[in-house]
Amino acid sequence: MKHTHDLTEKNKHEHSEACASGHSHSHGKMPVVMFFIGLALYIGAFFVEKGLIQNLIYVGSMVSAGYHIMGEGFGSTIKDTISKKKFSPNIHVLMSLAAVGASLIGDFGEGALLIVIFAAAHFLEDYAEGRSKREITNLMKLNPTEARLIQADGTTKIVSVDSLKVGDTLSVLNGDQVPTDGVILSGYSSIDESAINGESMPKEKTAGDIVFGSTINGNGTFTMEVTKDSTDTVFAKILRMVNSTQNNMSQTATKIQKFEPTYVTSVLIIVPLFILSGPYIFNWTWAESFYRGMVFLTVASPCALAASAVPATLSAISNLAKRGVLFKGGAYLSNLADVKAVAFDKTGTLTAGKPVVTDVYFENESNKEFYTNLVVAMEKTSNHPLADAILSGMSASEEMSLEVTNEIGKGLVTTYNGKSYRIGKPESFDNVDSAIHSQNETLSRDGKTVVYISEDDKVVGLVAMMDVPNESAKRVIEYLNAQGIHTIMITGDSEITGNAVGRQLGIERVIGNVLPENKSEIIEQLQKEYGIVAMIGDGVNDAPALVKADIGIAMGDGTDVAIDVADSVLMNNDLDNLSYAHKVSKRLDRVVMQNIIFSMGVVVFLVILNIMGQMSLPLGIVVHEGSTLVVIFNGLRMLLNRD
């Protein structure tokens, strides 16, 4: 697939490689093989008598283990300097110069040790970053490439997915990967949709149901109609989000990357001054001063600093991906820790988006069973959304055969055993007892929709329905309130309905009667009031607000438009994962700050020891590169699930 290829190409290492550099590179097998050859030569040199042969083996070890480091160091420096039109060195240059300098003063073993350990840390970091990205980059392997196209003569032909057009008819056999988004025309099966929504349980699908590309068909077979171009499928959108994730690092990581050339340039200027001043300030010999300069060149390198943010950020994003939470980049995840207010759309976000029966009341309880059977029989003839709610929430003890008409302004009307019965809005009835009227007022204040049931024009009962909150909505509101984060509901419903849901959830503020075009203006106002604002929604009318918010979060079962413009997606619609993402974001901030303080502390400590004459080149190499590994593994802690 063309778009898959493009995404995959973009997905190569385009961001900082932490300790290893801070510039783009990608390693094949050859550097790894050469590294182990260099390591073997270094170890072998210990078994050779000191002298020319041993030194030549050390040089061979440096060249073999570190040729790609030296090549990247000087090659990237030249390339970046030309493109940026200013001197832009990287960490590789410092390491290469330190190794050459050690050799010039006869310490070939130390030079080889520096390159071997630096290259080892280099490859370990590549492995660490690969491990941290595995959960999200594995999505690439799931992208379907072939489909069974049903041709005009009824025969089936295997074709490339990117050749499919909207309206094509496909055959999907048991065990097949669903090739693209579409709708089932005939057949029945259970489909594993975990690649899309994180749900582990397969979903039963039959004619009329929507299916998604990349999901796995179960034991059944079906035919489907293509409804989207392969570049517009839900899975393709996820891939684009993954690609953005790997190229959009946090602000801290970006600042470190920008700071690296300046830092390296400063070290390259300080080192010769340090060497020249050694004999005059510290009474060192020229040989000792040059040696201390090489130690300074080694220990002052910002390897650990460069590794402070990227592995930790990718590990955090990978951790969230396993929970079905996708972020377009580390910058958005990092901002989540600083969010001051969260605005929620109501329908489909805080609520299920479908009304359910909450209350049933009849004046004469002895006739409740009859009235229930009557209501169910009447509603079976209706296609109104509230009819689905009533039929789901009320069950008949016996079937009733009725002729029902839907009269404009009145509702459903029928006749049974010589009596007339009607179901409709409260305002369409005149003969209402005070008890039922009181019930209606109470239920309406709670944001519920009420319908009356009458017998011979006298109201005998009512049914109340409401779009009830999600099970996880109350928990996430409680968490955000506890964190001191303002919670706001934005809804097109009336203030009464919005406040009723808000009270159930414990939400801080409700803004009702909002027109779709005004949602983004409200977000802008909230930003002026509170600062960083996140918006969570699922519909087309939420898209402008999601764009305007500092962090736009779409519900995974929402519209394609909302997912397209959002900065993050909750793939399985679980709001509990919003709380988890906020916790991960705060942990990420702490881990990155720990890494920065630790890495710079080690550099300062080693530089001071070197000036005091208490630091040898081998010890400096081991401690310095060891600090880099500590930082990397500290960042990898973000892979751990900690609720």
Side-chain angles (χ1 to χ4, degrees), residues 339 341-359 385-386 388-389 392-393 443-450 464-481 485-527 529-530 533-549 551-559 561-563 565-566 568-570 572-579 582:
V339 74
V342 178
F344 295 87
D345 170 55
K346 182 180 79 72
T347 306
T349 302
L350 291 174
T351 66
K354 296 179 180 179
V356 297
V357 172
T358 57
D359 302 89
L386 294 182
D388 293 334
S392 297
L443 295 169
S444 297
R445 280 197 298 271
D446 290 338
K448 297 175 182 178
T449 299
V450 176
M465 290 154 283
M466 186 178 185
D467 184 11
V468 296
N470 289 329
E471 292 182 8
S472 57
K474 186 174 178 61
R475 291 192 295 269
V476 75
I477 297 298
E478 286 177 349
Y479 170 80
L480 293 173
N481 288 340
I485 297 172
H486 301 282
T487 52
I488 303 99
M489 178 200 298
I490 301 175
T491 178
D493 289 340
S494 67
E495 292 277 1
I496 292 175
T497 301
N499 283 322
V501 175
R503 284 194 298 271
Q504 291 184 48
L505 294 173
I507 207 158
E508 180 182 320
R509 180 177 173 188
V510 175
I511 305 175
N513 298 309
V514 177
L515 296 174
E517 58 268 26
N518 293 338
K519 285 190 175 182
S520 62
E521 296 175 9
I522 291 173
I523 293 297
E524 189 172 2
Q525 183 60 40
L526 293 175
Q527 288 170 325
E529 287 183 46
Y530 302 121
V533 173
M535 168 70 189
I536 305 176
D538 71 327
V540 173
N541 61 350
D542 296 321
L546 292 173
V547 172
K548 177 65 69 175
I551 309 166
I553 304 171
M555 304 295 279
D557 286 348
T559 63
V561 174
I563 293 173
V565 303
S568 176
V569 178
L570 304 179
N572 55 6
N573 270 31
D574 186 355
L575 281 175
D576 282 326
N577 282 335
L578 174 62
S579 304
H582 185 258

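Counting begins at 1 with the first residue of the sequence. Because the structure is predicted, anything quoted here is derived from the model rather than measured.
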Note to self: Distance check, rounded to the nearest 0.5 Å: Thr491 atom OG1 versus Ile511 atom CD1?
What the structure shows: 10.5 Å
Check: What pair of heavy atoms forms the shortest contact from Leu526 to Ala343, and how long is it?
Finding: CD1-CB, 4.1 Å
Next item on the list: Identify the heavy atoms of Met535 and Ala549 that sit nearest to each other, and give their distance.
Entry: CB-CB, 3.6 Å
Next item on the list: Find out whether Val533 and Glu524 are in side-chain contact, i.e. whether some heavy atom of one side chain is under 4.5 Å from a heavy atom of the other.
Entry: no
Item checked: Polar side-chain atom of Asn499 near backbone of Glu495 as donor-acceptor pair, under 3.5 Å -> yes
Item checked: Shortest non-hydrogen contact between Gly537 and Thr349, atoms and distance -> CA-OG1, 3.6 Å
Next item on the list: Decide yes or no for Glu471 and Asp576: does some side-chain heavy atom of the first lie under 4.5 Å from some side-chain heavy atom of the second?
Entry: no
Margin query: Are the side chains of Leu350 and Ile507 in contact, using a 4.5 Å heavy-atom criterion?
Written below: yes
Check: side-chain hydrogen bond (donor to acceptor under 3.5 Å, both in side chains) with Glu529: which residues, sequence neighbours excluded?
Finding: Arg509
Notebook entry, point to check: Considering all heavy atoms of both residues, which atom of Pro469 and which atom of Val501 are nearest to each other, and what is their separation?
Noted result: CG-CG1, 4.2 Å
Next item on the list: Return the minimal non-hydrogen interatomic distance between Met489 and Lys346, and the atom names on each side.
Entry: SD-CD, 3.8 Å
Check: Taking Asn470 for the side chain and Ser472 for the main chain, is one N or O donor matched with an acceptor at less than 3.5 Å?
Finding: no
Item checked: Side-chain touch Ile477/Phe344, heavy atoms, less than 4.5 angstrom -> yes
Note to self: Donor-acceptor pair, distance only, cut-off 3.5 Å: does the side chain of Asn481 make one with the backbone of Gly506?
What the structure shows: yes
Item checked: Whether Tyr479 and His582 hold their rings parallel, tilted or perpendicular, with breakpoints at 30° and 60° -> perpendicular
Item checked: From NZ (Lys519) to CG (Leu546), nearest 0.5 Å -> 9.0 Å
Margin query: Check whether Lys548 reaches the backbone of Glu521 with its side chain - one donor and one acceptor, N or O, closer than 3.5 Å.
Written below: no
Item checked: Spacing of Gln525 atom CD and Ile488 atom CD1 [to the nearest 0.5 Å] -> 11.5 Å
Notebook entry, point to check: Which pair of heavy atoms, one from Pro355 and one from Met465, lies closest together, and at what distance?
Noted result: CB-CB, 4.4 Å
Notebook entry, point to check: Do the side chains of Asp446 and Met466 get nearer than 4.5 Å, heavy atoms only?
Noted result: no
Checklist line | All side-chain hydrogen bond (donor to acceptor under 3.5 Å, both in side chains) counterparts of Thr358, not counting sequence neighbours | finding: none
Checklist line | Between CG on residue Asp574 and CE on residue Met555, distance to nearest 0.5 Å | finding: 8.0 Å
Check: Can you tell me how far OG1 of Thr351 sits from CG of Leu505, rounded to the nearest 0.5 angstrom?
Finding: 9.0 Å
Next item on the list: Answer yes or no: is there a side-chain heavy-atom contact under 4.5 Å between Val356 and Ser392?
Entry: no
Checklist line | Spacing of CD belonging to Glu508 relative to NE2 belonging to His486, to within rounding of 0.5 Å | finding: 5.5 Å
Checklist line | Minimum side-chain heavy-atom gap Ile490-Ile523 below 4.5 Å | finding: yes
